[in-house]
Amino acid sequence: MLRKAALTAILLGGCAWVPALVTRADSAEPEKAAAAFKPVASVHTLMEGQGIFFKRIGDALQDPQTPKRSKEIAFGAEFLAELANVNTHNKDQADYVQWAGQLRDTAMELAGEAKKKGDADEDKMNSLFSRLEATCKACHEKYQ
């Protein structure tokens, strides 16, 4: 009998706080919208940075003896991807944004392949690198 009374008290007590939580959730302040992203570096600076990491990736791909080669390629590709990601915010032209997004996505795919270390597919990494180069050239033909 004591157990039944205790269980009833617990259940009733638990039910009492549910409306309070719902009321609190309804009256909570809405989250503030994030500020629009605005790059702080110039397009030229970002392109120079992309060039540095593009070269590092290419050098590591060409030289199988590069120390920590997989890490070098993955790190360089991720950094290149982030720079390209920032570049998607630099111009309103649809083709520019598309090329920057394509560069970002391809670089992330290359980083993922490089992270496989000994299981990475060399042909795939080289093919992805060629796609990066083609994307850069297409954009530079119009905007450089």
Can you tell me how far apart [atom1] ([X]) and [atom2] ([Y]) are? Round to the nearest 0.5 Å.
X: Met47; Y: Cys136; atom1: CE; atom2: SG; value: 7.5 Å
X: Asn126; Y: Leu61; atom1: CG; atom2: CG; value: 5.0 Å
X: Asn87; Y: Arg104; atom1: CG; atom2: CZ; value: 11.0 Å
X: Gln93; Y: Lys142; atom1: CD; atom2: NZ; value: 7.0 Å
X: Leu80; Y: Lys55; atom1: CG; atom2: NZ; value: 14.5 Å

Within 6.0 angstrom of Lys71 NZ, more than 12 heavy atoms from elsewhere: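 No.
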
Around atom OH of Tyr96, are there more than 12 heavy atoms from other residues, nucleotides or ligands closer than 6.0 Å?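 More than 12 within 6.0 Å, yes.
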
Looking at [X] and [Y], what are the two nearest heavy atoms and their distance?
X: Asn90; Y: Pro39; result: OD1-CG, 3.5 Å
X: Thr88; Y: Ala100; result: CG2-CB, 3.6 Å
X: Leu103; Y: Gln50; result: CD2-NE2, 3.3 Å
X: Ala120; Y: Ala114; result: CB-CA, 4.5 Å
X: Ala60; Y: Thr66; result: CA-OG1, 3.6 Å
X: Thr135; Y: Trp99; result: CG2-O, 3.4 Å

Hey, any chance [X] and [Y] share a hydrophobic cluster, counting ILVMFWY side chains that come within less than 4.5 Å of each other, even indirectly?
X: Val97; Y: Leu83; value: no
X: Phe53; Y: Phe129; value: yes
X: Leu128; Y: Met108; value: no
X: Leu110; Y: Phe54; value: yes

Short side-chain donor-acceptor distance under 3.5 Å, Tyr143 and Asp95: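 Present: a donor and an acceptor within the cut-off.
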
State, without any angle test, whether Asn85 and Glu82 hold a side-chain donor-acceptor pair at a distance under 3.5 Å.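 Distance-only check passes for Asn85 and Glu82.
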
For side-chain contact (heavy atoms from CB on, under 4.5 Å), just list the numbers for Glu78 and Lys115, CA-CA rounded to whole Å, side-chain angles, deciding distance to a tenth of an Å, and then say yes or no. CA-CA 11 Å; Glu78 283 187 356; Lys115 287 179 181 180; 2.4 Å; yes

Apply side-chain contact (heavy atoms from CB on, under 4.5 Å) to residues Gln102 and Arg131 and explain how you reach the verdict. CA-CA 9 Å; Gln102 186 178 351; Arg131 280 180 34 203; 5.6 Å; no

Does Glu72 come within less than 4.0 Å of Arg69, counting only side-chain N to carboxylate O?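 No.
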
